Structure formats: C-alpha cells, structure tokens
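Shown next, in structure tokens, is the structure this report addresses.
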Amino acid sequence: MSEAEQSLFDVRLAKLERLRSRGIDPYPHTFDRTHSTAEAAALLETAEAANSADAKTETVSLAGRITAMREMGKASFIDILDGEGRLQALLRKNTLGEEYEILKDLDLGDWIGVTGPMFRTRTNEATIEVQQIQVLSKALRPLPEKWHGLADVEVRFRQKYLDLISSEDARRVAKLRSRAVSSIRRFLDDRGFMEVETPVLVPVAAGAMARPFITHHNQLDRDLYLRIATELYLKRLIVGGLEKVYEIGRVFRNEGVDFYHNPEFTMLESYEAFADYNDTMVMVEEMTKFVATQALGSTKVDFQGTEIDFAPEGGWPRLNLRDEVIKHSGIDFLEYPDIDSLKSQMAAAGIDVSQQASWGGLMDKLVSDKVEPHLFQPAFLVDYPVEMSPLAKRHREDPRLVERFEGFVAGMEICNSFSELNDPVDQRKRFEEQEALHKAFKDEDMDRLDEDFLVAIEHGMPPTGGMGMGIDRLVMLLSGHRSIREVVLFPQLRSR
RNA sequence: GGCCCGCUAGCUCAAUGGCAGAGCAAGUGACUCUUAAUCACUAGGUUCUCGGUUCGAGUCCGAGGCGGGUCACCA
C-alpha cells in the first residue's frame with residue numbers, strides 16, 4: 001500500500017476505533033431488515049394512492065451500502081444501495097439528537113441499516129426519514145469515483161466486486177445470466193429432462209477437438225485431464241437408459257483467450273433418446289425463445305445497435321451448408337474431396353490456408369471465413385461433411401455428410417448438434433481416423449479415442465438427438481455484450 | 001505467439017524534453033430538502049519496473065511486467 005493509500009486507510013481505522021469507543025459495534029451479527037429499497041418505494045406509492053400527497057408510511061428498516069453523502073450541517077442526505085437499487089435517506093439532527101454525530105464516522109462504502117417512515121421530499125424523491133441508524137459493516141478502503149465509476153478494465157475484472165458496486169450494467173448482466181440459466185433448467189425440466197453431473201477429471205479428453213488441461217492424481221499416480229466436453233459421459237447415460245439427460249457445466253480448453261473465448265466456459269449439453277437433429281432444431285428454437293422471454297421479457301434484443309429476434313416468423317432458417325459455401329465462396333466442397341484440391345480452391349478464393357493441414361481443418365476455416373460472418377439473425381447451418389464431425393451420424397440421404405447443425409447468432413456459433421452416431425463400428429472407425437490425423441498433424445486438435453465409451457455404445461445406444469450450447473455466448477447475446485469477459489464474473493487473467 | 005496502443009494521486013483524467021496539475025474521494029470549517037449539493041481552506045506522487053540518451057525525461061530510446069485491440073488457433 002502506498003503512503004497516500006495508507007493514510008486513507010488509517011483515517012477509516014481511526015473512525016472504526018471511535019465507533020467502538022462510543023459503544024457501537026461496527027460489525028454486528030445481524031440486522032432486522034423489513035423492506036428492500038424497491039419495496040420501501042412501492043410502499044410509499046401505495047400510501048400515497050390511499051391518502052393524499054404528503055403521505056408518510058409506517059416505519060420500515062432498510063439496509064445497504066452508502067454510495068453518496070450530502071451533508072448540510074444539521075441535515076444530511078445519504079444514498080443507500082442494496083440488491084435492488086438506490087434509495088435516499090434523510091438524517092436530521094433534531095430527529096436523531098446525539099446519534100446524528102455518527103455521520104462523522106461514516107464513509108462511502110460502509111454498510112448501514114436505517115429505520116424510519118418513508119416520505120417524499122420537495123423534489124419528489126422517495127426518501128426514508130431516519131429515526132435510527134446502525135452501522136452494519138465499516139469499510140476500510142475507498143470506493144471508485146462516484147461519477148465516472150470504474151473505467152480501468154483490468155481493475156473491473158480483477159476486482160469484480162468494485163465493478164458490481166459501481167456499475168449498474170455489471171449488476172444487470174450478473175442477474176440476467178442467473179435468470180437465463182435458471183430458465184434453461186426450467187425449460188428442460190418441464191420437458192422431462194433430468195439434470196446430471198459427470199466427471200470433470202477424466203482419463204481421456206474426448207468429445208471435442210481441443211487441447212486439454214492436464215493435471216495429476218498423486219495417489220493413483222496418473223495424469224488426468226480436465227474435461228473439454230461432457231458429450232461422451234452423457235451418451236453413456238443414454239446407453240444406460242436415462243432417456244433425456246442434460247448437464248450445465250464448466251468445461252476447460254487450453255486455447256487462446258480473446259473476445260469469444262475464456263479457458264473455462266459453461267456449456268449446456270442435452271441428449272434425448274429417439275430424437276434426431278430435426279427434433280433438436282425445434283427444441284433449440286423453443287428454448288432460446290423461452291429463455292429470452294424469461295430473462296429479458298422479450299424475444300428481441302438490441303445487440304451492438306442491431307435488433308436480434310430469437311423468435312422470427314417461420315422459425316430459424318435452415319441453411320444447407322453446401323449451398324451456403326457455394327453461395328459465398330463459389331466452392332462446392334464435395335467436388336474437392338482431397339486436401340490439395342480444396343486448399344488450392346480456397347487459396348484462389350483469397351483464404352489464408354497456411355495454418356490448416358487436414359481436410360476438416362480447411363473446411364472449418366472455409367466456413368468460418370466465408371459463411372459464418374453473414375449469419376447475424378438466428379439461423380441453422382445444416383448438414384456438414386463427415387470429416388468435420390466424428391461423433392455425428394451419417395446423413396440418411398448422403399453418406400458423405402452427417403446429420404449435424406450449428407446455430408449462429410450475430411456471427412457467433414452458439415450451439416452444435418447432431419443426430420448422434422450410435423453405430424459402434426462406424427464410431428470406432430471414425431475415432432481411428434481421428435487418431436491417425438492426430439499423429440499426422442501434430443499441431444492440430446483432433447477428437448481422441450475413448451475405448452471405454454466405445455464399449456458402452458457397443459452395448460447399444462438408441463437413436464439420439466444431442467446438443468451443446470455455449471451459455472456464455474448466449475448471455476453475451478441476451479445482454480448485448482460482445483466480450484465474453486463481460487458475462488463471466490471472474491474471467492481468466494494473467495496472475496500478478 | 002506476431003503486430004499496434006495504453007499504464008501519472010484511492011478513482012476519473014491533464015501536463016511542446018524545462019517547477020507534476022484538476023475534478024471526485026479524504027481532512028478542517030460553514031450550511032436543516034440535497035441529489036455529480038454548495039462555499040472556503042488543507043493534505044495527498046517510486047509518473048508500472050529496470051537500464052540508456054540528455055544540462056534536464058511523465059514525455060525520447062531499449063528490455064521487461066500487466067492490460068486493451070488486432071491477426072493466427074479453439075466454442
């Protein structure tokens with residue numbers, strides 16, 4: 001702590017001691033709150049509707065943090081912030097007597113409890129006239145500046161509580177996220193899904209193409225991985241006869257950090273027996289509509305100046321991937337089934353192909369460069385090549401493709417879904433191809449063979465529609481933020 | 001990881017290579033309807049770190065740290 005910082009700290013410590021010397025406990029165990037700030041304001045409005053203009057309510061008790069103090073000698077206004085909002089308190093010497101002196105030892109940031117009737121000031125603001133005041137917790141460090149708030153992005157993320165104290169938007173996003181997640185649970189629960197928990201520490205990091213975090217179990221003396229997906233465990237439960245399962249859980253990918261990526265993020269995965277990807281598409285439409293309505297009160301949201309409608313007339317367009325790629329790049333990928341020809345076509349279309357090695361990797365680049373940026377309003381890209389999708393079932397009409405869709409909003413992939421591959425022989429072959437690719441292209445992330453999973457589906461997995469959705473990204477869309485760090489309470493940062 | 005930008009008082013921000021400043025917060029005083037309260041005064045600095053150039057560096061140069069942006073990879 002700097003000297004200047006220390007002196008601010010010392011001033012508050014002195015106030016703390018002064019409170020104690022006056023017999024006031026600056027850290028009491030409890031406070032009997034009767035109303036939130038919002039409830040108190042509502043109570044006043046009720047009283048005003050019943051009586052005349054200058055109504056007073058019964059005595060209420062409020063608690064919150066001091067965010068502003070306006071002292072005028074023998075009367076002072078204090079702004080109190082609680083979980084629902086801000087409310088003004090009036091303290092007057094002729095009401096409080098000796099107790100009024102406590103103001104000298106209060107600071108911005110302190111928690112207080114106040115008791116008294118609600119009334120309206122001359123400037124028409126709902127206010128509590130304080131008859132009793134109690135310190136609930138003395139703060140020893142100062143708050144960020146009251147008008148500009150906290151602008152330093154680094155401090156906002158490292159000390160999230162300061163962001164939450166000084167930014168209405170930070171509080172809004174935190175609440176929105178909570179409402180979104182709980183409404184997802186309600187949606188799935190109401191449809192007969194059961195929520196389950198599967199291992200975070202796994203012997204094989206499979207179920208997606210990503211680099212895993214590695215850790216070590218001392219007693220077992222073996223390396224374990226943090227899961228990169230929940231997919232293969234949820235499918236084991238489908239094999240076991242749990243027909244509709246889902247998990248909302250943290251997954252971990254040891255990849256770059258940017259606007260759209262945090263090394264740990266929250267994914268919803270759901271699996272429904274006897275369904276296919278067409279059924280799942282409908283479910284995604286209904287779920288996003290439900291979640292937007294529950295969390296926002298509307299299916300329409302402003303995202304960076306453009307309105308997104310999660311429930312467009314006629315549903316989300318189903319866009320055939322092959323058609324879209326041809327439309328935006330002129331390349332028909334089925335015509336170029338080998339790496340060299342596809343690569344030269346892409347290079348001719350002006351795409352940087354220097355980093356990509358496998359055919360699937362090239363396709364991924366082609367789609368994300370040429371097609372995804374055009375998908376602003378909600379839409380599904382449908383029917384991917386088999387090489388890009390080792391866990392998806394072959395298309396019923398074309399074995400070169402799989403029954404897979406991804407949902408896009410604002411150019412961002414928010415979900416990925418298949419008719420799940422339940423043919424154990426084909427699944428083993430696909431895994432083996434992935435393993436071969438993994439060896440051939442060391443730098444590229446491939447899905448890994450999970451023998452235990454193969455044994456499971458060799459016992460018979462029913463036809464299943466599965467889906468994974470990035471919860472952080474969904475909350476970004478709902479809240480209008482284009483950075484994942486704004487919707488994660490504690491985003492990953494370099495340690496100091 | 002490459003490239004670009006930023007880092008000054010607790011917070012928000014100034015300062016041609018020439019005395020390091022303002023507002024808020026803090027302290028003292030005045031003030032019984034203010035709301036970015038007002039008024040007067042006071043105090044507050046390792047200018048991210050290390051090194052260099054210079055008579056003189058917050059400012060120029062080099063290295064490093066942290067953050068942001070962007071490109072590449074991943075959802």
Side-chain angles (χ1 to χ4, degrees), chain A residues 1-12 14-15 67-79 86-96 100 104 107-109 119-125 127 129 140-159 162 165-166 208-212 228-229 251-269 352-357 361 364-365 368-369 372 406-408 412-416 443-445 468-474 476 483-485 491 493-496:
Chain A
M1 214 179 331
S2 71
E3 267 180 54
E5 218 169 343
Q6 184 68 53
S7 74
L8 291 175
F9 197 86
D10 288 343
V11 166
R12 289 185 177 224
K15 292 178 177 179
T67 58
M69 291 201 280
R70 297 177 291 280
E71 295 181 56
M72 292 156 300
K74 298 184 182 66
S76 297
F77 289 93
I78 294 182
D79 287 348
R86 187 196 71 92
L87 193 110
Q88 174 175 269
L90 171 60
L91 281 71
R92 301 201 307 164
K93 179 145 192 178
N94 57 4
T95 311
L96 288 164
Y100 188 77
K104 286 197 167 60
D107 286 295
L108 303 188
F119 75 108
R120 207 167 281 282
T121 61
R122 279 172 217 159
T123 50
N124 227 21
E125 179 156 343
T127 304
E129 183 176 8
L140 298 180
R141 291 176 186 264
L143 291 182
E145 205 248 7
K146 66 182 175 187
W147 186 240
H148 300 90
L150 198 55
D152 187 329
V153 180
E154 187 175 351
V155 177
R156 285 183 46 227
F157 293 149
R158 285 192 194 279
Q159 295 177 275
L162 292 179
I165 291 168
S166 56
M209 301 177 189
R211 217 183 316 169
I228 57 175
V251 296
F252 307 84
R253 298 189 182 178
N254 207 339
E255 314 271 3
V257 178
D258 65 19
F259 257 49
Y260 303 102
H261 300 92
N262 197 52
E264 50 180 302
F265 62 102
T266 302
M267 192 148 73
L268 161 69
E269 287 196 39
D352 172 15
V353 290
S354 58
Q355 301 285 322
Q356 275 65 36
D364 195 61
K365 175 79 174 165
S368 52
D369 272 25
E372 292 177 11
E406 294 193 326
F408 288 87
M412 238 185 337
E413 181 196 334
I414 63 157
C415 67
N416 183 19
D443 290 340
E444 218 171 323
D445 300 319
M469 179 178 284
I471 298 301
D472 311 277
R473 291 183 174 184
L474 181 66
M476 287 164 66
S483 168
I484 193 170
R485 295 183 180 193
L493 297 174
R494 221 173 285 254
S495 61
R496 288 227 112 146

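In what follows, every chain begins at residue 1, and chains take the letters A, B, ... in the order their sequences are listed. Here the structure is a predicted model, which is why all the values come from computation and not from measurement.
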Inter-nucleotide [atom1] distance ([N], [M]), Å rounded:
{"N": "B:C39", "M": "B:A25", "atom1": "P", "result": "12 Å"}
{"N": "B:C5", "M": "B:C50", "atom1": "P", "result": "23 Å"}
{"N": "B:G64", "M": "B:G1", "atom1": "P", "result": "11 Å"}
{"N": "B:C74", "M": "B:C4", "atom1": "C1'", "result": "23 Å"}
{"N": "B:U46", "M": "B:G10", "atom1": "P", "result": "7 Å"}
{"N": "B:U47", "M": "B:C41", "atom1": "P", "result": "28 Å"}
{"N": "B:C7", "M": "B:G45", "atom1": "C1'", "result": "15 Å"}
{"N": "B:U42", "M": "B:U54", "atom1": "P", "result": "41 Å"}

Distance in angstrom units between [X] [atom1] and [N] [atom2], rounded:
{"X": "A:Asp10", "N": "B:A43", "atom1": "CG", "atom2": "P", "value": "19 Å"}
{"X": "A:Asn124", "N": "B:U34", "atom1": "CG", "atom2": "C1'", "value": "14 Å"}
{"X": "A:Glu413", "N": "B:C73", "atom1": "CD", "atom2": "P", "value": "15 Å"}
{"X": "A:Met72", "N": "B:G29", "atom1": "CE", "atom2": "P", "value": "18 Å"}
{"X": "A:Tyr100", "N": "B:C31", "atom1": "OH", "atom2": "C1'", "value": "10 Å"}
{"X": "A:Asn254", "N": "B:C74", "atom1": "CG", "atom2": "C1'", "value": "11 Å"}
{"X": "A:Ile165", "N": "B:G10", "atom1": "CD1", "atom2": "P", "value": "18 Å"}
{"X": "A:Asp258", "N": "B:G1", "atom1": "CG", "atom2": "C1'", "value": "13 Å"}

query = Start at the 5' end of RNA chain B and walk down; is the nucleotide closest to A:Asp79 or to A:Asp152 reached first?
reply =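 It is A:Asp152 whose nearest nucleotide is closer to the 5' end.
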
ask   = 5'-most contact on RNA chain B: A:Asp472 or A:Glu71, nearest heavy atom basis?
value =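 The residue mapped nearer the 5' terminus is A:Glu71.
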
Within the structure shown, what part of the strands sits under 4.0 Å from [X] by heavy-atom distance: base, sugar-phosphate, or nothing?
{"X": "A:Gly468", "result": "nothing"}
{"X": "A:Phe9", "result": "nothing"}
{"X": "A:Gln88", "result": "base"}
{"X": "A:Asn262", "result": "base"}
{"X": "A:Asp364", "result": "sugar-phosphate"}
{"X": "A:Leu150", "result": "sugar-phosphate"}
{"X": "A:Phe408", "result": "nothing"}

query = Looking only at side-chain N and O atoms, does A:Lys74 come under 4.0 Å of OP1 or OP2 in B:A30?
reply =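 Answer is no, no contact under 4.0 Å.
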
Excluding sequence neighbours, so at least two apart, what forms side chain to side chain donor-acceptor pair (under 3.5 Å) with [X]?
{"X": "A:Glu5", "value": "none"}
{"X": "A:Asp472", "value": "A:Arg177"}
{"X": "A:Tyr100", "value": "A:Ser76"}
{"X": "A:Asp152", "value": "none"}

Residue [X], side-chain atoms from C-beta onward, closest of [options]:
{"X": "A:Ala4", "options": "B:U12, B:G45, B:C73", "answer": "B:G45"}
{"X": "A:Ala75", "options": "B:C33, B:U32, B:U12", "answer": "B:U32"}
{"X": "A:Arg158", "options": "B:U34, B:G67, B:C73", "answer": "B:G67"}
{"X": "A:Arg122", "options": "B:U12, B:C33, B:U32", "answer": "B:C33"}

ask   = Reading nucleotides 19-28 of chain B 5' to 3', which nucleotides get B (base under 4.0 Å from a protein heavy atom), which S (sugar-phosphate only), which -?
value = ----BBSSS-

message = Regarding B:U34, can its base be found pairing with the side chain of A:Thr121 as donor and acceptor, where the two atoms are less than 3.5 Å apart?
response =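 Yes.
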
key: Secondary structure string for RNA chain B (Watson-Crick or G-U under 3.5 angstrom, | for other-strand pairs)   = (((((((..((((....[..)))).(((((.......))))).....(((((..]....))))))))))))....

Considering all heavy atoms of both residues, which atom of [X] and which atom of [Y] are nearest to each other, and what is their separation?
{"X": "A:Leu90", "Y": "A:Ala75", "value": "CD1-CB, 4.4 Å"}
{"X": "A:Pro144", "Y": "A:Leu162", "value": "CD-CD2, 3.9 Å"}
{"X": "A:Thr121", "Y": "A:Phe77", "value": "CG2-CE2, 4.2 Å"}
{"X": "A:Ile228", "Y": "A:Ala208", "value": "CD1-O, 3.4 Å"}

query = Could you state the interatomic distance from OG1 (A:Thr67) to CG (A:Leu108), rounded to the nearest 0.5 Å?
reply =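 Going from OG1 on A:Thr67 over to CG on A:Leu108, the span is 7.5 Å.
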
request  = Any chance you could measure A:Glu413, atom CD, to A:Tyr260, atom OH, to the nearest 0.5 Å?
outcome  =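 Going from CD on A:Glu413 over to OH on A:Tyr260, the span is 13.0 Å.
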
query = Are any side-chain N or O atoms of A:Glu145 and backbone N or O atoms of A:His148, one a donor and one an acceptor, separated by less than 3.5 Å?
reply =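 A pair under 3.5 Å: yes.
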
message = I'd like to know if A:Asp79 pairs up with A:Arg70 as an ion pair, taking the criterion as any Lys NZ or Arg NE/NH1/NH2 lying under 4.0 Å from an Asp or Glu carboxylate oxygen.
response =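 Looking at A:Arg70 together with A:Asp79, the answer is yes, because their closest N to O distance falls below 4.0 Å.
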
